[in-house]
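Worksheet: the structure to be examined is printed underneath.
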2 protein chains.
Amino acid sequence: MSPARAHILVVEDEAAQREILRYNLEAEGYSVAEAADGDEALLLLEEEAPDLVLLDWMLPGVSGIEICRRIKRRASGRDLPVIMLSARSEEVDRVRGLETGADDYMVKPFSLRELMARVRLQLRRARPGTMGARLQYGALLLEPEAHRASWAGHGLKLGPLEFRLLSTLMEHPGRVWSRESLLRRVWGREHDHDTRTVDVHVARLRKALRRAGAPADLVRTIRSEGYALG
Amino acid sequence: MSPARAHILVVEDEAAQREILRYNLEAEGYSVAEAADGDEALLLLEEEAPDLVLLDWMLPGVSGIEICRRIKRRASGRDLPVIMLSARSEEVDRVRGLETGADDYMVKPFSLRELMARVRLQLRRARPGTMGARLQYGALLLEPEAHRASWAGHGLKLGPLEFRLLSTLMEHPGRVWSRESLLRRVWGREHDHDTRTVDVHVARLRKALRRAGAPADLVRTIRSEGYALG
DNA sequence: CGGCCATGTAACAGATTCGTGACAAGAGCG
DNA sequence: CGCTCTTGTCACGAATCTGTTACATGGCCG
């Protein structure tokens, strides 16, 4: 399995559409979160820290365009690709969609194959680190290609889950991850585990870091919230 | 069969064309991977780690030119020759093709004989190690021409498959190869084997390396992922 | 201080993955 | 045909990984 699968947030009010998108995205190896309306979307943007957003234009609650605007206004928004989906085909809307900062735009009905291509395109554009190079945080280095992690040159001995956990933390240094988010991200959406499982694996990750000489507080605990790197 | 056959990715949407290219390339002793569109091409660039790309200009999804640009933008792109194929014959396109960084350019319909010559040329230019001289990683030396491999001067006794396996690993030191990738690459596309077969051959390769005095961890196991050299 | 909840972590059992010897089938060859 | 070398599969044990539990620790608040 890939070190850290890209995580995609699907914002779409129609359940059937969501299901289709989810099914196809997961078939491509992505992990998926779903939001049925604008409010949920805003919530999950924080909760899930997706790597890409598929955003329906027509939404109950906060409109797709408004959500897009908010994403792009955030400091981190520039790195978070948004692909707008719309039933409208008027040129004016296409223009407006892109003007709000969306990175791409597709008109329904669209080819799933083409959508997948654009998803891959945007991810590649925005997350070169995952596609080959490496992730770095201070002396902490992670090479997905070689499946290796090290602190100041000293290799870390990590199991598969610990590796994925560290990858996830390193993708958003400083971000606080709830145990539930980590379970969904690292273990997958079909997880059936206690949140304490996360604690144990964080402990194991810390032990590995300790052995390599990393400071004890590299992985911080935020009481009753979760964990964060640095 | 050549010791470390060059691996060629053919990107061409027309199935008949792909078949012709595949047939002729394999007759020349290359191993071939096929992509039917730009989408698939980007995926297989990662998956297959080809040594050369034959790239059709006209493609559904991501265009050939865009793919070429991406290949050449990557750090490793400079070592990966691209030969563009196009039905257009206008001079302007020829220029644009080369401007994106393609190493060569052929206009359809072309002579297969000439294409093969150019393939050979590009491979020779970009992979002097594999095409003639030798491949090296630390004290590990591989001479494809003589079909010999050695560690610090001490010869390795390898069967044909083990030799190909080692060649493949040495072409991308550090890179993690999944068992499926290795099966495709070493055993060929038409393989009908259990993934555990790879394990057995890795064990045999390791035994040969051990006898020659190489360190035990020269071929790493990445649990639930695959194998990597160094 | 004492109670309460959140967290750290050793330990255990179970599951998964891997290493490798054994063996049989096939190819090449004299 | 015998012999040797190579190869694919199997099976068993070893190594490693995982989730849960249990208990220890530590923060927070009255």
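Each chain gets a letter, A, B and so on, in the order its sequence line appears, and its residues count up from 1.
Contacts of B:Arg148 classified as salt bridge (Lys or Arg N to Asp or Glu O under 4.0 Å), with partners at least two apart in sequence or in another chain: B:Glu143. The ring-ring contact (aromatic ring centres under 6.0 Å, His included) test applied to A:His172 returns A:Trp177, not counting sequence neighbours.
Remark: P of D:dT6 and CZ of B:Arg164 are 15 Å apart, rounded to the nearest angstrom. Across the protein-nucleic acid pair, A:Leu205 atom CG and D:dC17 atom P stand 13 Å apart, rounded to whole Å. Remark: P of D:dA15 and CG of B:Asp217 are 17 Å apart, rounded to the nearest angstrom. The NE2-P distance, from A:His201 to D:dC17, rounds to 11 Å in whole Å. Between the NE2 atom of B:His191 and the P atom of D:dT7 there is a distance of 17 Å, rounded to whole Å. To the nearest angstrom, C1' of C:dT20 lies 13 Å from CZ of B:Arg211. D:dT7 atom P lies 14 Å from atom NZ of B:Lys207, rounded to whole Å. Regarding A:Leu183, its CG atom lies at a distance of 13 Å from the C1' atom of D:dT18, rounded to whole Å.
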(request) Using a 4.0 Å heavy-atom cut-off, write out nucleotides 11-19 of chain C from 5' to 3' as B (base contacted by protein), S (sugar-phosphate only) or - (no contact). (result) B----BBBB
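Using a distance-only test at 3.5 Å, with no hydrogens or angles considered, a donor-acceptor pair links the side chain of B:Thr168 to the main chain of B:Arg164. Although no hydrogens or angles enter the test, the distance criterion places no donor-acceptor pair under 3.5 Å between the side chain of B:Arg179 and the main chain of B:Val198.
Toward the 5′ end of DNA chain D lies the nearest nucleotide of B:Glu162, the other residue of the pair B:Glu162 and A:His193 mapping further downstream.
With hydrogens and angles left out, the side-chain atoms of B:Arg206 and B:Thr221 include a donor and acceptor closer than 3.5 Å.
Side-chain atoms of B:Leu161 lie closest to D:dT7 of the nucleotides D:dT20, D:dT7, D:dC17.
For D:dT18, neither phosphate oxygen OP1 nor OP2 lies less than 4.0 angstrom from any side-chain nitrogen or oxygen of A:Trp187.
The side-chain contact (heavy atoms from CB on, under 4.5 Å) with B:Val11 is formed by just one residue from the set B:Asp37, B:Val53, B:Leu45; it is B:Val53.
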(message) With ring-ring contact (aromatic ring centres under 6.0 Å, His included) as the criterion, how do B:His7 and B:Tyr30 come out once you've worked through the C-alpha distance, each side chain's angles and the decisive distance to 0.1 Å?
(response) CA-CA 6 Å; B:His7 195 52; B:Tyr30 306 115; over 10 Å; no
